[in-house]
J.: 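Right, I'll just put the structure down here and ask away after.
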Amino acid sequence: MRVIYVGLLLLALTNAQKWNITSDAKDPDTNTFKVHKDEVITVSFKVILNLTNNTIPKIVATTSDANIVSVSASSPLQESHVNNETVLDGSVNITGIFLGKAEILLTIENDSSSEKLKVIVIRPARIIDKLFTGSVITLISILYINFGCAIEWKVCREILKKPIGPLIGSVCQFIMMPMIAFGLGQLVFPKNPEMQIGLFFTGISPSGGASNIWTIILGGDLPLSIGMTTISTLASFGTIPLWIFTLGKYILDKGEHDVPYVHIGSMAIGLIIPLAIGYFIQRKFPKVCRIMVRIMKPFSVILILFIVIFAIVTNLYLFKLFSWRIIVAGMGLPWLGFICGSMIMAIFRQPQGAIRAIGIETGIQNTGIAIFLLRFMGQPDADLTTVIPVSCAVMTPIPLMILWLVKIIFDRRKKNSAASMEKLQLDANAPVVLPSSVSTITA
Ligand SMILES: *[C@@H]1O[C@H](CO)[C@@H](O)[C@H](O)[C@H]1NC(C)=O
Ligand SMILES: *[C@@H]1O[C@H](CO)[C@@H](O)[C@H](O)[C@H]1NC(C)=O
Ligand SMILES: *[C@@H]1O[C@H](CO)[C@@H](O)[C@H](O)[C@H]1NC(C)=O
Ligand SMILES: *[C@@H]1O[C@H](CO)[C@@H](O)[C@H](O)[C@H]1NC(C)=O
Ligand SMILES: *[C@@H]1O[C@H](CO)[C@@H](O)[C@H](O)[C@H]1NC(C)=O
Ligand SMILES: *[C@@H]1O[C@H](CO)[C@@H](O)[C@H](O)[C@H]1NC(C)=O
């Protein structure tokens, strides 16, 4: 019996040696074939067989995902003989259809042995992509310089005097949002670790600068919002690596990605430097700083608009992927953030302005940072996963805009009723005393 097992083992080993596949597109380190989208590569192969009779077998090529890569039928096999073995030469053409990963299986008809080719379809390197990455990095650096310039310890100290709000805000930002992102990722993209990574990286990003503007618009507590943005941005230097090394590692492992230690380190340094420059300017040249802050306040909004528009224009075809899953993920993360953040604040009986500020603060993520983090993943994943933060950035303002509209209508009605009340009081011969309940209803 044992002899048979050994024999089978040897057979299996020699089977593994049967194939010799050559192509310029093969990466010898990872044993994967890289194809550009819309490109055709020819992969040559040699199979060594002991033919029992002289009929040359057929080679069948199949693809695991015809939406990503297609494969032609094998060219007619050329037969040659080395010693008593037959060597068959052939080739197949592989076409990249869409970004992603797939496998191609070459099978010898009526033979158990087959060969698996791992294929990655990437995008041809374009100048505009370098431009995109470059502009994301530049804009974020400028944003962080400005941020360093605008840090107001006084505001932070002031809001920490009533620590419940900031505490809840921090828990929402650093614990709840990553968890929501993780859970939502498992739910919406159960079979797609790359998309889970995209959502998770968006969830662990700090709060976005646009939150301050929305807090003003929606009548929230502005100092609390500014203080929380500062706290969350500074703390994210610790929380981002922490999450990536723990829960992030779990998803990265599932997607067979390495934890990008070096990149996280270089990113942290790349952000601390502009932050320090900004803070230095604030200390040494407060006047320059004040002008900068004024000019740059709307900058975070412009930044997000720019990134979103640029991403959509340069990656138009990526939005072919804008399936319902991506829309659900893009809505889910910020909207759940708004709801959970303000609900927790309401449960703790915080003032109305603080509830609004923390709700907005929790839901709005700095998607620029998420895109920045995802740029460091290899292609095609960097491109594919960027769709998620972009989707979040597009979906984030929708409920805020609706609330804004509601607020405008509400405020107008309040103003009208106040005006009519004045008129009543002026016109009436006898002063009309409105019951106080009316004014509380309209307020
Ligand atoms: C595969 O074929 C190439 C050329 O056809 C040859 O250089 C190489 O040594 C072969 N590799 C193996 C493992 O037989
Ligand atoms: C073909 O047969 C010879 C001896 O019979 C053996 O050494 C060799 O490994 C076989 N080759 C393959 C590819 O099975
Ligand atoms: C050998 O050839 C005959 C026809 O010539 C065919 O029917 C048979 O299946 C072949 N055997 C193998 C093992 O390929
Ligand atoms: C692969 O493409 C080349 C060039 O277009 C063509 O000459 C060749 O016949 C194709 N091979 C196969 C197996 O289809
Ligand atoms: C090839 O096969 C013949 C018998 O069919 C045998 O005598 C010879 O030793 C074999 N040669 C090799 C290199 O296996
Ligand atoms: C190969 O297997 C198929 C069924 O799987 C059979 O119909 C065909 O005749 C076989 N061909 C040879 C050459 O053995």
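Indexing begins at 1, ligand by ligand and atom by atom, following the structure's order.
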J.: Within less than 4.0 angstrom of ligand 4, does Ala73 place any heavy atom?
T.: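 It does, in that a heavy atom of Ala73 comes within the 4.0 Å cut-off of ligand 4.
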J.: By number and element, which atoms of ligand 4 are closer than 4.0 Å to a non-hydrogen atom of Ser72?
T.: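 Selected atoms, number and element: 12 (C), 13 (C), 14 (O).
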J.: In Å, rounded to the nearest 0.5 Å, how long is the span from CH2 of Trp153 to CD of Gln282?
T.: 9.0 Å
J.: Are Ser207 and Glu361 close enough that a side-chain donor and a side-chain acceptor fall under 3.5 Å?
T.: yes
J.: Please confirm whether the ring centroid of Tyr279 lies under 6.0 Å from the ring centroid of Phe147.
T.: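 No, the ring of Tyr279 stays outside the 6.0 Å limit from the ring of Phe147, centre to centre.
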J.: List every atom of ligand 4 that sits less than 4.0 Å from any heavy atom of Ser91, numbering the atoms from 1 in the order shown and giving each element.
T.: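 Here the atoms of ligand 4 in question are 13 (C).
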J.: Any protein heavy atom at under 4.0 Å, with atom 13 (C) of ligand 4 as the reference point?
T.: yes
J.: Show the atoms of ligand 4 that are less than 4.0 angstrom away from any heavy atom in Ser75.
T.: 13 (C)
J.: For atom 10 (C) of ligand 4, which candidate among Thr42, Asn93, Val40 provides the closest heavy atom?
T.: Asn93
J.: Does the protein place any heavy atom closer than 4.0 Å to atom 5 (O) of ligand 4?
T.: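 It does not; no protein heavy atom is within 4.0 Å.
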J.: Once disulfide (SG to SG under 2.5 Å) is applied, what residue pairs with a partner in residues 200-278 remain, sequence neighbours excluded?
T.: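 Pairs touching residues 200-278 that pass the test: none.
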J.: Taking salt bridge (Lys or Arg N to Asp or Glu O under 4.0 Å) as the definition, give me every residue that meets it alongside Asp381, ordered by chain and number, with sequence neighbours left out.
T.: Lys101
J.: Do the side-chain N and O atoms of Thr386 and Arg375 include a donor-acceptor pair separated by under 3.5 angstrom?
T.: yes
